[in-house]
**Student:** 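Encoded as structure tokens, here's the structure I'll be asking about.
Note that the structure is a prediction, hence the values are computed from the model and not measured. Residues: numbered from 1 along the sequence shown.
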Amino acid sequence: MTRICLVGATGLVGSALMAEAVGREDVRIIGVGRREAALPPGARMEMLVGEPIDWPELIRAAQADVLVCALGTTIAAAGSREQFRAIDHDLVRFTAEAARSAGIEHMVVVSSVEADRESRNFYLSVKGETEEALGRVGFRRLDVLRPSLLRGERAERRPMEAGWQMVAPVVDVLVLHGSWRRFRSIRGRDVARAILGFVREQAEGRHVHEHDALKVAAGRASGKTWPRRGIVPELTKPCVDLHRPLTQGSAHSLTRAGETSDRFVG
């Protein structure tokens, strides 16, 4: 059985992961967060609750094989760019470092399509910087998930995202082809299914998964095959400096994350 420490259980992907794990005997989910998460019917899991300052102890207590981090927010929800960065970079990195200190060697993190620290888009540059920081924490295997628009129900209201969710399936089919396929929307439950496949992988290194790779992994995890002939998506992209340790400490990052932790969503 694979024990999964899930951080970000209250968000779209985290809640979908809990639902997909119901009835499975091969995985056990232990959630870590600031508040209790609503459990799906039939769920057999634990929820360890505490402030971010306490998460290293809770993560260690989870005795997990894999860390799944589905933390994330928006600039609007966070209230400012600084607070957004404190969650999507500082808190994510702090969580990863706590997991490594607890002996966890495999991490799966939900990032974003087009994440790049050199991006002119602040959101995407923070996501890219976070990916690079995680690559230096020292995991034996790091799976970076880069979905575009996530479809599904959220506990929090995101009016603009809700509007895009309604038109996304049509745009996906009519517009997003070829190299634009990576911008196609994807259901949160498909990302969750892909995660359940990735947690069993043993190959070392940093593996980046975009839309098509996520769909393939979700299909494999649910016993389905990729429906489109002739498409063999690139499941893995090379990594550099995966095992180089971070040169900066986490104390300041933790303070900033703790100060804004009541604003973050999974």
**Student:** Are His106 and Phe198, when compared by the centres of their aromatic rings, separated by less than 6.0 Å?
**Tutor:**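 Distance test on ring centres: not under 6.0 Å, no.
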**Student:** Is Asp190 paired with Arg151 through a side-chain N to carboxylate O contact shorter than 4.0 Å?
**Tutor:**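 The answer is no: the pair does not qualify as a salt bridge.
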**Student:** Between Arg140 (side chain) and Gln202 (backbone), is there a donor-acceptor pair under 3.5 Å?
**Tutor:** yes
**Student:** Is the count of non-hydrogen atoms from other residues, nucleotides or ligands lying under 6.0 Å from Glu57 atom CD greater than 12?
**Tutor:**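 Atom CD in Glu57 is not crowded, with 12 or fewer foreign heavy atoms closer than 6.0 Å.
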**Student:** Mind checking the CZ-CD1 spacing from Phe94 to Ile87? Nearest 0.5 Å is all I need.
**Tutor:**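 Output value for this atom pair is 14.5 Å.
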**Student:** Hey, could you give me the CD1/SG distance between Ile59 and Cys5, rounded to the nearest 0.5 Å?
**Tutor:**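 It is 5.0 Å, given to the nearest 0.5 Å.
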**Student:** Indicate yes or no: does Asp212 engage Arg182 in a salt bridge with an N to O separation below 4.0 Å.
**Tutor:** no
**Student:** For the atom pair SG (Cys69) and CE (Met107), what is the distance rounded to the nearest 0.5 Å?
**Tutor:**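 Answer rounded to 0.5 Å: 4.5 Å.
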**Student:** Is there a salt bridge (Lys or Arg N to Asp or Glu O under 4.0 Å) between Arg34 and Glu51? Walk through the geometry before answering.
**Tutor:** CA-CA 5 Å; Arg34 286 192 66 250; Glu51 293 299 319; 3.0 Å; yes
**Student:** Look at Arg146 together with Glu131 and state whether they make a salt bridge at an N to O cut-off of under 4.0 Å.
**Tutor:** yes
**Student:** Closer than 4.0 angstrom, basic N to acidic O: yes or no for Arg117 and Glu132?
**Tutor:**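 Counted as a salt bridge, because a side-chain N and a carboxylate O are separated by less than 4.0 Å.
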**Student:** Could you grab the distance from atom CG of Asp116 to atom CD of Glu129, nearest 0.5 Å is fine?
**Tutor:**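 One gets 11.0 Å once the value is rounded to the nearest 0.5 Å.
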**Student:** Is the shortest distance from a Lys or Arg side-chain nitrogen in Arg181 or Glu210 to a carboxylate oxygen in the other one below 4.0 Å?
**Tutor:**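 Salt bridge: no.
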**Student:** Using 4.0 Å as the upper bound for N to carboxylate O, is an ion pair formed by Glu20 and Arg193?
**Tutor:**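 Glu20 and Arg193: salt-bridged.
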**Student:** May I ask you to decide if the ring planes of Phe183 and Trp180 are parallel, tilted or perpendicular, using 30° and 60° as cut-offs?
**Tutor:** tilted
**Student:** So, Arg44 and Glu25, do they make that salt bridge, N to O below 4.0 Å?
**Tutor:**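 A salt bridge links Arg44 with Glu25.
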